[in-house]
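First up is the structure itself, then whatever we jot down about it.
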Amino acid sequence: MRKSLTYKILDSHLVSGELVPGREIGLRIDHTLTQDATGTMAFLQFESMGVPRVRTEVSVSYVDHNTIQQGFENADDHRYLETAAAKYGVHFSRPGNGICHQVHLERFAAPGKTLLGSDSHTPTCGGIGMIAIGAGGLDVAVAMGGGAFHLIAPQVIKVVLSGKLRPGVAAKDIILTVLGILSTKGNVNKVLEYAGEGVSTLSVPERATITNMGAETGVTTSVFPSDKITMGFLRAQGRESVFKELSADNDAAYDRTINIDLSSVVPMVALPHSPGNVVPVKDIAGKPVDQVAIGSCTNSSLKDLITVGNILKGKKIAAGTSLAVAPGSRQVLSMIVDSGALSAMILAGARILESACGFCIGNSLAPHTGAVSLRTNNRNFEGRSGTKDAGVYLVSPETAALSAIEGKVVDPLTQDPKTFREIPLTEKFDIDDSMITSPLSSAKTVDIIRGPNIGEPPRPALLMDRMSGEIAIKVGDKITTDHIMPAGVRLKYRSNIKKYSEYVFEDVDPGFSKRAEALRDSSKAVFILAGESYGQGSSREHAALCPMYLGVKAVLAKSFERIHAANLVNFGILPLFFEDAGDYDRLDRGDIILISDISARLDNNEPIIAENKTRNNTVKMRYDLTPRQKDIIRSGGLLNSTHTK
Ligand code: MIC
Ligand code: SF4
């Protein structure tokens, strides 16, 4: 059969299962990527597996999320990660070197390879023709140890691009258009594969903007072909030797096709509080803007920032509006110095931030109360910016820069097209890998340094066949992992599970953690009741690990997002969904629930019955677990099952 590009790469990495959509497959992983906020736990888990050195072609540990270093915790994590990388054969990208996805694209990514990253925006490297997938830290730890990554063989959606973007319209507007079509739910176990003659009009970093934010649709990943433009990018990075031309077979079969004429794409914006709330920028043009923030792994490439510099040149930002810019990498930063874009930004009044996640993860630059904040990042979940009642609007760098000058939302299409100077493809990037420490050839002499913030990863208990307990929280649809496990100022507790667990559902229901703990301590099971698409967003496994620590045994939801469902299984929590979604209304917080006969029902694929002792009713719950996942659940999580193998 003629193959899609996705299936070609999957096929060449298949180690188990049958490559049929809907079936579980195991993949060989060539590259792994971790970042400090998920990486510390991933390395602790890797250590507890007892593997002496990583068994991948390339593994890189980045420090980009927690770089604020308020207190000793972040710095302790960095030192732990640096020493662990040296011991286990991992490249270490030091704080200040840039955001993991941007740096991986620049310095490591290679067409046709697989990449597993403990960050949901790992698909960024799909822009260069990799199958790049986000997962929980534990899955990445297993891949570092040479284990396969298991996933459901996806359906493939072909996105055919034709034509060319008009001046002032950007790659960000393409992915926002795709989000407008697909929304943020209902796309689990799908891949977006880009094709068509419009592809050759987009540079690799523009393609990466599109694959990066594809994560917001909930797909497994997104991928572009590898072509002459890819070759040019790799040559400019001094890495042409890894180039491989890749595309789908002619007439490959797809599960769905979406056609986008680039010349008709218009500037788009995602309104608060979901990346799927997409409307044309013209619909909100003129709205006063308090803050503009340009950066994040979606939009901080050299082209993005040169575009911003060109727009700001000779202009000043409006009084009453602040502008901050965070270049995606040290390479980008040094090149905007040379090109003059940086001085244009500084002279316009921009605040220049470190090359790191920064405001995107909400650990700095929280907007003022009730502010309108225009940002180029990929997520605008309520409260993620650090200010609960601020409204974050996601836009392109073009829209952001123009709006900073005017102090109100500007539609780039209303400007003279000459405002947007054509930016030629970069022929030579500044190459300086001195902030990446290469692994030592021998690990013998390395001592891993652990500060007091670094604890042991807790292990779940074996599956209970009978769970008796209480629904400790009832939440609605589209609960993100930011709702479950806030990042921002709490990020520094990522390696201290006991402390971090105090903040589970902090913004949704601050009493949850104490309530759950009390139930756990009286040997009661804790249940979470949720609506559609539970666990959207980040890959942070802490959204499963900390609830597990608090005694959560099962989540009863209408539906789950892929990475989070896998994380729940990895930590021994049952992800159960309603056979009849209407049953959600027949349960409430505080209800006493009994679930029995779990093992036998899992064995026989029978529904699991939740008996509601408070309301005297029963509800039927289903599960989407492969035989391998059932084994993991029975052993009380992946670490237990990996360890005992
Ligand atoms: C995010 O964008 O939400 C993060 C922070 O990068 C997360 C990872 C994390 O929570 O550490 C992600 O996207 O997976
Ligand atoms: Fe960092 Fe934001 Fe990208 Fe997450 S989305 S990796 S926090 S820049």
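Keep in mind the model is a prediction, meaning the values are calculated, not measured. In listed order, ligands and their atoms are each counted from 1. As a basis for the values below, the full set of heavy atoms in this structure was taken, side chains included, without hydrogen atoms, waters or symmetry mates.
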Worksheet entry | Contacting atoms of ligand 1, where contact means under 4.0 angstrom from a heavy atom of Ser539 | 12 (C), 14 (O)

Discussion item. At a threshold of 2.8 Å, where the distance has to be below it, does atom 3 (Fe) of ligand 2 have an N, O or S atom of Cys297 nearby?
Written reply: yes

Item to complete: For the pair Glu382 and Lys478, find out whether any cationic side-chain nitrogen is under 4.0 Å from an anionic carboxylate oxygen.
Response: no

Worksheet entry | Proximal ligand 1 atoms for His65, defined as those under 4.0 Å from one of its heavy atoms | 4 (C), 5 (C), 6 (O)

Item to complete: Could you confirm whether His65 has any N/O/S atom lying under 2.8 Å from atom 2 (Fe) of ligand 2?
Response: no

Worksheet item: When you measure from atom 1 (Fe) of ligand 2 to every protein heavy atom, which one gives the shortest distance, and what is it?
Response: Cys357 SG, 2.3 Å

Practice prompt. Look at atom 2 (Fe) of ligand 2 and say which protein heavy atom is nearest, naming residue and atom and giving the distance to 0.1 Å.
Written response: Cys360 SG, 2.3 Å

Practice prompt. Give a yes/no verdict on whether any heavy atom in His542 is under 4.0 Å from an atom of ligand 1.
Written response: no

Discussion item. With a 4.5 Å cut-off on side-chain heavy atoms, are Pro575 and Val569 touching?
Written reply: yes

Worksheet item: Between Thr298 and ligand 2, which residue portion shows a heavy-atom distance shorter than 4.0 Å: side chain, backbone, both, or neither?
Response: neither

Item to complete: Go through ligand 2 atom by atom and flag the ones less than 4.0 Å from a non-hydrogen atom of His101.
Response: 6 (S)

Discussion item. Does the residue Gln35 have a heavy-atom contact with ligand 2, meaning some pair of atoms that are separated by less than 4.0 Å?
Written reply: no

Worksheet item: Does the N or O separation between Asp482 and ligand 1 drop below 3.5 Å for any pair?
Response: no

Worksheet item: Any non-hydrogen atom of Arg384 lying under 4.0 Å from ligand 1?
Response: yes

Practice prompt. Using a strict cut-off of 4.0 Å, indicate which atoms of ligand 2 neighbour a heavy atom of Ile361.
Written response: 7 (S)

Worksheet item: Between Ile361 and ligand 1, which part of the residue brings a heavy atom under 4.0 Å of the ligand: side chain, backbone, both or neither?
Response: side chain

Worksheet item: Which ligand 1 atoms does Asp119 reach within 4.0 Å, using its non-hydrogen atoms?
Response: 4 (C), 6 (O), 7 (C), 8 (C), 12 (C), 13 (O), 14 (O)

Discussion item. Among all the protein's non-hydrogen atoms, which is closest to atom 10 (O) of ligand 1, and how far away is it?
Written reply: Arg540 NE, 2.6 Å

Response to the item:
The residue among Asp64, Asn212, Asp119 that forms side chain to side chain donor-acceptor pair (under 3.5 Å) with His101 is Asp119

Item to complete: Return the orientation label for the Tyr194 and Phe224 ring planes: parallel under 30°, perpendicular over 60°, tilted otherwise.
Response: parallel

Worksheet item: Under 3.5 Å, is there a donor-acceptor pair between the Thr67 and Glu354 side chains?
Response: yes

Discussion item. Closer than 4.0 angstrom, basic N to acidic O: yes or no for Arg494 and Asp77?
Written reply: no

Worksheet item: Is any side-chain N of the basic residue among Asp430 and Arg330 closer than 4.0 Å to the acidic one's carboxylate O?
Response: no

Worksheet item: Do His483 and Phe381 have ring centres separated by under 6.0 Å?
Response: no

Discussion item. Tell me whether the rings of Tyr503 and Tyr493 are parallel (<30°), tilted (30 to 60°) or perpendicular (>60°).
Written reply: parallel

Discussion item. For atom 9 (C) of ligand 1, what is the closest protein heavy atom, and at what distance to 0.1 Å?
Written reply: Arg494 NH1, 3.4 Å

Worksheet item: So which protein heavy atom does atom 8 (C) of ligand 1 come closest to, and at what separation?
Response: Gln35 NE2, 3.2 Å

Discussion item. Taking the six-membered ring for Trp, are Tyr500 and Tyr549 closer than 6.0 Å centroid to centroid?
Written reply: no

Item to complete: State the atoms of ligand 1, each with its element, that fall below the 4.0 Å cut-off from a heavy-atom position in Thr38.
Response: 9 (C), 11 (O)

Discussion item. Can you name the atoms of ligand 1, numbered from 1 with element, that are less than 4.0 Å from a heavy atom of Ala37?
Written reply: 11 (O)

Worksheet item: Would you call Arg379 and Glu216 a salt bridge, using N to O less than 4.0 angstrom?
Response: yes

Worksheet item: Can we call the ring centroids of Tyr88 and Phe46 under 6.0 Å apart?
Response: yes

Item to complete: Taking the side chain as every heavy atom from C-beta outward, state whether Asp482 and Arg540 have any pair of such atoms under 4.5 Å apart.
Response: yes

Worksheet item: Hey, are Glu502 and Ser513 close enough side-chain-wise for a donor-acceptor pair under 3.5 Å?
Response: no

Worksheet entry | Closest approach of any protein heavy atom to atom 7 (C) of ligand 1, naming residue and atom | Ser538 OG, 3.2 Å

Discussion item. Just to confirm my output: which protein heavy-atom neighbour is closest to atom 13 (O) of ligand 1, and how far is it?
Written reply: Ser120 OG, 2.6 Å

Worksheet item: Does some non-hydrogen atom of Asn378 fall short of 4.0 Å from ligand 2?
Response: yes

